[in-house]
Amino acid sequence: MAITLGPNQYGKAEVRLVTVNRNGPVHSIKDLTVSTSLRGDLAATHLAGDNSGVVATDTQKNIVYAFAKESPVGEIEDFALRLGRHFVREYDTITGARILIDEHGWERITVDGKPHDHSFSRAGKEKRTTAVTVDGDRTWVVSGLRDLVVLKSTGSEFHGFPRDKYTTLPETDDRVLATAVTARWRYQGPVPDWGTSFAEIRRIMLEKFATLHSYSLQQTLYAMGEAVLAERAEVAEIRLSLPNKHHFLVDLSPFGLENDNEVFYAADRPYGLIEGTVLRDDAEDAGLAW
Ligand SMILES: O=c1[nH]c(=O)c2[nH]c(=O)[nH]c2[nH]1
């Protein structure tokens with residue numbers, strides 16, 4: 001029997017980075033959580049404790065902060081590409097890097113109807129995300145968002161599902177549909193304008209959620225993904241994860257009241273979890289030599 005070292009990677013997880021752009025009196029801020037993960041010829045440290053090829057995770061963290069100072073962070077995809085390429089190009093033992101970035105949104109506080117120069121409020125729980133993988137001179141960019149919470153108070157039905165002795169869910173032709181969208185999409189083709197692409201994909205998903213008369217969250221998922229692929233040629237595929245944030249009608253009959261689809265109990269758990277990928281058949285599969 002032989003025992004061998006399998007795939008391995010290492011890095012600094014969840015480096016919290018906040019930058020303040022102080023060019024003039026109107027400041028802007030970026031609030032990121034950055035994770036680095038490196039692969040390569042790292043057998044020596046695993047097998048013999050020889051660290052001569054190990055870029056310390058502390059060094060990786062320092063590089064994140066130093067790069068944020070050396071030039072503006074900009075779009076998270078650009079920052080992740082700079083970091084990933086640096087690790088692969090700079091260190092002989094490192095052949096691959098994966099950089100994950102979550103961006104936490106801040107909005108300017110409005111004072112007397114005007115956006116304030118240097119005071120901000122946190123914009124909910126929603127995050128913009130990217131995962132950049134560098135493998136030699138090939139690059140993959142998978143961007144997305146998490147915790148985009150949406151709700152429609154009508155325009156959603158759910159019926160026609162099989163009924164047996166375990167089925168208690170009533171059929172409905174008018175329900176509240178709510179979810180917290182997690183989406184990840186893989187880019188293909190020439191480098192897009194990352195910010196515009198993100199804003200458009202987000203808009204397309206929101207508009208489809210709002211306007212589709214839904215017969216299931218599965219149908220909504222596919223329609224949202226399909227709309228993104230139809231309008232955005234830079235997206236090769238999109239994955240969606242949609243928890244069904246159930247809103248159950250409260251039985252008001254004990255109080256002699258009728259519930260006309262107006263009073264709900266917003267259940268926390270368990271929740272249905274609807275997940276799927278929407279693809280185009282001519283997607284470019286390989287990493288991009290950007
Ligand atoms: O949109 C839905 N899809 C389901 O698969 C499902 N299952 C369920 O209990 N409610 C719902 N709603």
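Only a predicted model underlies this, so the values are computations on that prediction, with no experimental measurement involved. As the structure lists them, so they are numbered: ligands from 1, and atoms in each ligand from 1. Only this structure's heavy atoms are used, side chains among them; waters, hydrogens and symmetry mates stay out.
The pair Glu75-Arg128 meets the salt-bridge criterion, with a side-chain N (NZ, NE, NH1 or NH2) lying under 4.0 Å from an Asp/Glu carboxylate O.
Residue Phe158 has no N or O atom closer than 3.5 Å to an N or O atom of ligand 1. Taking only nitrogen or oxygen atoms, main chain and side chain alike, Gln218 reaches within less than 3.5 Å of ligand 1.
Using a 4.0 Å cut-off to heavy atoms of Leu217, the atoms of ligand 1 that qualify are 1 (O), 2 (C). Each of the following atoms of ligand 1 lies closer than 4.0 Å to a heavy atom of Ser216: 1 (O). Of all atoms in ligand 1, numbered sequentially from 1 with element shown, those under 4.0 Å from a heavy atom of Arg175 are 1 (O), 2 (C), 11 (C), 12 (N).
Looking only at heavy atoms of the protein, atom 9 (O) of ligand 1 is closest to Leu169 CD2, 3.4 Å.
Contact annotation for His159 and ligand 1: no heavy atom of the residue comes within less than 4.0 Å of the ligand. For Asn244, every heavy-atom contact with ligand 1 shorter than 4.0 Å involves the side chain, none the backbone.
The side-chain heavy atoms of Leu17 and Phe79, taken from C-beta on, include a pair separated by under 4.5 Å.
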So Phe198 and Leu145, side chain to side chain contact (heavy atoms under 4.5 Å, CB included) or not? Walk me through it. CA-CA 9 Å; Phe198 174 83; Leu145 53 77; 4.0 Å; yes

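Note: His118 and His27 have tilted aromatic rings, judged against thresholds of 30 and 60 degrees for the angle between ring planes.
Under the 6.0 Å distance and 45° angle rule, Lys245 does not count as a cation-pi partner of Tyr271.
In the displayed structure, Asp58 atom CG is contacted under 6.0 Å by more than 12 heavy atoms of other residues, nucleotides or ligands.
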